[in-house]
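Report on the following structure.
For clarity, every value in this text was computed on a predicted model and none was experimentally measured.
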Amino acid sequence: MQSFIVEATNRPGELARVANAIAERGINIEAFSLGYGTHGVLAFLGHDEKGLKSALNAEGITFKEVPLLTIWLDDMPGTVAKAASRLADAGVNIEFFAPVEFTADRRATVAIGVDKIDAARTALSDQLVDWMIPETALAGSATR
């Protein structure tokens, strides 16, 4: 699984502009956005990675593909720090970190985009979990 990360200007409409380019092709996405000062970053996950890549390219939107893994974390202090430290100790840089699912038993599934996917899988092997974007997540789907 890949995440597609777009550097953007932090201004009204940037997420809408990029999400619309994807939605016009009927591609279902999970979207994340973060702004700081005048800069922003948008990240997209999708079932149709080839279509997502094509949509961004067609609109001239520059992006970076980052491989993802998904892990489980208990909802308690220190679990993010421990996972991040294990990756750092393995020489892995985190480029994307976002919860994608929460369960009633107080566990979260977290998607992590990294520069060294094999080293990350080894470092977090006891926390790996299979996760796919739910079919019901239609935030980025075209509604025509």
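Linking ILVMFWY side-chain heavy atoms closer than 4.5 Å, directly or via other members, places Val110 and Val41 in two distinct hydrophobic clusters. The hydrophobic clustering, which links ILVMFWY residues whose side-chain heavy atoms are closer than 4.5 Å, places Ile117 and Phe96 apart. Two different hydrophobic clusters hold Val114 and Met1 under the rule that ILVMFWY side chains link at heavy-atom gaps under 4.5 Å. At a threshold of 4.5 Å between side-chain heavy atoms, the hydrophobic network of Ile, Leu, Val, Met, Phe, Trp and Tyr places Trp131 and Ile71 in two separate groups.
For the side-chain contact (heavy atoms from CB on, under 4.5 Å) test, residues two or more places apart in sequence or in another chain that qualify with Thr79 are Leu73, Asp74, Met76. The side-chain contact (heavy atoms from CB on, under 4.5 Å) test applied to Lys64 returns Val66, Glu95, not counting sequence neighbours. Partners of Asp75 according to the side-chain contact (heavy atoms from CB on, under 4.5 Å) rule, which considers only residues two or more places apart in sequence or in another chain, are Arg106.
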Full working for ring pair (Phe, Tyr, Trp, His ring centres under 6.0 Å) between Phe44 and Phe4: CA-CA 5 Å; Phe44 302 96; Phe4 295 82; 8.5 Å; no
Test side chain to side chain contact (heavy atoms under 4.5 Å, CB included) applied to Leu56 and Ile22, step by step: CA-CA 7 Å; Leu56 294 171; Ile22 298 165; 4.2 Å; yes
Just do the side chain to side chain contact (heavy atoms under 4.5 Å, CB included) check on Leu45 and Phe32 with the steps written out, would you? CA-CA 9 Å; Leu45 313 178; Phe32 304 89; 3.9 Å; yes
Using side chain to side chain contact (heavy atoms under 4.5 Å, CB included), reason through Asn57 and Phe63 one step at a time and then give a plain yes or no. CA-CA 8 Å; Asn57 280 326; Phe63 62 92; 3.3 Å; yes
Quick one: do Lys53 and Asp48 satisfy salt bridge (charged side-chain N to carboxylate O under 4.0 Å, His left out)? Show the steps, please. CA-CA 9 Å; Lys53 186 175 184 175; Asp48 182 1; over 6 Å; no
Do Leu87 and Leu124 pass the side chain to side chain contact (heavy atoms under 4.5 Å, CB included) test, and can you show the C-alpha distance, the side-chain angles, and the key distance before you say yes or no? CA-CA 8 Å; Leu87 290 172; Leu124 299 175; 3.7 Å; yes
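Nearest heavy-atom pair, Arg121 versus Leu128, reported as atom, atom and distance to 0.1 Å: O-CD1, 3.9 Å. The two residues Leu52 and Gly46 make their nearest non-hydrogen contact at CD2-N, 4.1 Å. Between Gln2 and Glu49, the shortest heavy-atom contact is N-OE2, 2.7 Å. Heavy atoms only, all atoms of each residue included: Gly51 and Arg25 are closest at O-CD, 4.5 Å. In plain terms, the two heavy atoms of Val92 and Ala119 that are nearest each other are CG2-CB, 3.7 Å. Nearest heavy-atom pair, Lys116 versus Gly91, reported as atom, atom and distance to 0.1 Å: NZ-O, 2.9 Å.
In this structure, the side chain of Asn10 does not engage the main chain of Gly40 through any donor-acceptor pair within 3.5 Å. Ser54 places no side-chain N or O within 3.5 Å of a backbone atom of Lys50 that could act as its donor or acceptor partner. In terms of modelled atom types and a separation under 3.5 Å, the side chain of Thr9 and the main chain of His39 share no donor-acceptor contact.
Atom CG in Asp130 sits 11.5 Å away from atom CG in Leu69 (nearest 0.5 Å). Rounding to the nearest 0.5 Å gives a distance of 5.5 Å between CD of Gln127 and CH2 of Trp72. Considering CZ of Phe97 and CG of Leu68, their distance stands at 12.0 Å, rounded to 0.5 Å. With rounding to the nearest 0.5 angstrom, the CD atom of Glu101 is 9.5 Å from the OG1 atom of Thr70.
Within 6.0 Å of CG in Asp105 there are more than 12 heavy atoms belonging to other residues, nucleotides or ligands. Counted within 6.0 Å of CD on Glu65, heavy atoms from surrounding residues, nucleotides or ligands total more than 12; the atom is thus considered enclosed.
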